[in-house]
J.: 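Pasting in a structure now, in structure tokens, and then I'll have a few things to ask.
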Amino acid sequence: MGRFMSYWVVIYVIGLARSSLAVNVLFLLADDGGFELGVYRNRIVQTPNIDALAKNSLIFNQAHTSVSSCSPSRAALLSGIPSHQNGMYGLHHGVHHFSSLDSVTTLTSILSKNQIYTGIIGKKHVGPENVYPFDFAHTEQTHESILQVGRNITNIKLLTREFLKEARKKQFFLYIGFHDPHRCGHTHPEYGSFCEKFGDGDEGHGVIPDWTPVVYRPEDVFVPYFIQDTQAAREDIAAQYTTISRLDAGVGLVLEELRVTDVLKNTLIIYTSDNGIPFAAGRTNLYDSGSAVPLLIASPETSARKYEVTNYLTSLVDLVPTIIDWYGLLDSCGVKFPGNSLLPLLQKEKPQSKAKIFYSHNLHEVTMYYPMRAIRTKRYKLIHNLNFNSPFPIDQDLYVSPSFQDLLNRTKQGQTKFWYRSLKHYAHRPEWELFDMKHDPEEVDNLVFTPKYKDILQGLKTDLWLWQKNSSDPWLCSPNGILEHDECMSL
Ligand SMILES: *[C@@H]1O[C@H](CO)[C@@H](O)[C@H](O)[C@H]1NC(C)=O
Ligand SMILES: *[C@@H]1O[C@H](CO)[C@@H](O)[C@H](O)[C@H]1NC(C)=O
Ligand SMILES: *[C@@H]1O[C@H](CO)[C@@H](O)[C@H](O)[C@H]1NC(C)=O
């Protein structure tokens, strides 16, 4: 009895402390950022600020976006529900014009209702505005240059300072949408040399006062298994590293603003990325090369697990409940999210025997219709390519990139074996792909027709179907479900 009493007293005191203390969240989002970080054992790229943040963080080794495309990923991040359910089926900007459904409840609408001051600096890329409200906003959607609010780290620093003037008097949520290390110059020549390669063109040198470009040699870079080891690809990666180092410097500047304002100690800090890197098999793919993202969660004062690694299988849809939990609003907010709060993990590792996460991709650019649904457990991944009769679409900025042009050129010249798959197989995918992630982490050996895996395949198909049903997937019976599921006949 005594033990129970003190247990409840402790809970009560923690609860009291949590609700009476002004607690804040700083959400740092990289744009197409991958594992090119010191903390993830890349020994070449210099990321001292993110590495320092990792010293206070739980480091996630198995975090995945639920969709590997910018706007859909951000919409899922802010709504806590998958692309097919929140309505952001593709990119938000320009002719693509996708938007979430008006009925969706989002993180910032919940926070606003609870008098938490919300801010966004940098890339927003989601809408409509009333579904994704922020009190303080400097983004491409407030008609500012994305380069200035998303890549000019001096500007980002000054905007953070401005935000904190008001926010320090309240509880706050600050979202920094870095545009680095997204590709830039190839698709936007009008931006001039600010934007060359990955945005490290000459004009930026010296005119972003807080930025000293770090230049890398192509021969030094680490080439991931899904990128061909050629000079063109190495040069592309070296440019990517320079941009990552700028992102890292930006992270340092933002953290310093919070430190001098004396709000760091009550602030939960999350660093992640919207999707995989912009290379073939990266962004827009649901292979791990496109879906796995870095994730650091730091709670400077309260976390028991600093600089520890977790292999907990995590989807980024878990972040909304995590953040809401941090503000103590999980029970009172009135919304039931499919994800789980990750806060308990900061104290103690949880066993995860039946772990499964789900993915839902529909388009990227408006022309790139390629719906996929997938499920991943620790051991297996099953991908359902609903539009498998079409070739896998290639997005514009990837297409014009030196590394993709290099892939095309070599393929045209009849070269083989310079890449870990062939472009032909990359473009033409079967309806179902089943991979054993333990023995085949590169996802090249499709086990769908291997008799030994029949039961595993069936179990995963059933789980995927139930998840689609439960999350009101408009694609549930489309286009082939009608042939496979009797239930679809009556829908
Ligand atoms: C970056 O922002 C700072 C501060 O607003 C400004 O002085 C500088 O000119 C900007 N740099 C570029 C390259 O636009
Ligand atoms: C359906 O999703 C809700 C949350 O959106 C969850 O509470 C419920 O357990 C799910 N049901 C099934 C059968 O998966
Ligand atoms: C690919 O081939 C085209 C045409 O021959 C050439 O202009 C281009 O420089 C090549 N690109 C790469 C990255 O090899």
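Both backbone and side-chain heavy atoms feed into the values below; hydrogens, waters and symmetry mates do not. In listed order, ligands and their atoms are each counted from 1. From a predicted model like this one, the values you see are computed outputs, not experimental measurements.
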J.: Look at the side chain of Asn42 and the backbone N and O of Val45, then say whether any donor-acceptor pair between them is shorter than 3.5 Å.
T.: yes

J.: Using the benzene-type ring in the case of Trp, are the ring centres of Phe226 and Trp419 under 6.0 Å apart?
T.: no

J.: For this output row, return yes or no: ring centroids of His428 and His425 closer than 6.0 angstrom.
T.: no

J.: Please confirm whether Trp432 and His384 have ring centers closer than 6.0 angstrom.
T.: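 Between Trp432 and His384, the centre distance is under 6.0 Å.
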
J.: Mind listing the N or O contacts between ligand 3 and protein, cut-off under 3.5 Å?
T.:
from	atom 1	to	atom 2	distance (Å)
ligand 3	2 (O)	Asn409	OD1	2.9
ligand 3	2 (O)	Asn409	ND2	2.3
ligand 3	11 (N)	Asn409	ND2	2.9
ligand 3	14 (O)	Asn409	ND2	3.0

J.: Indicate yes or no: does an N/O atom of Thr154 lie under 3.5 Å from an N/O atom of ligand 1?
T.: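 Such a contact does not occur with ligand 1.
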
J.: Could you list the atoms of ligand 1 found under 4.0 angstrom from a heavy atom of Asn152?
T.: 1 (C), 2 (O), 3 (C), 8 (C), 10 (C), 11 (N), 12 (C), 14 (O)

J.: For Asp32 and Asp274, indicate whether the former's side chain and the latter's backbone hold a donor-acceptor pair under 3.5 Å.
T.: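 No, because the side chain of Asp32 does not come within donor-acceptor range (under 3.5 Å) of the backbone of Asp274.
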
J.: Is the count of non-hydrogen atoms from other residues, nucleotides or ligands lying under 6.0 Å from Arg410 atom CZ greater than 12?
T.: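 Atom CZ in Arg410 is crowded, with more than 12 foreign heavy atoms closer than 6.0 Å.
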
J.: Looking just at side-chain N and O atoms, do Gln62 and His64 make a donor-acceptor pair shorter than 3.5 Å?
T.: yes

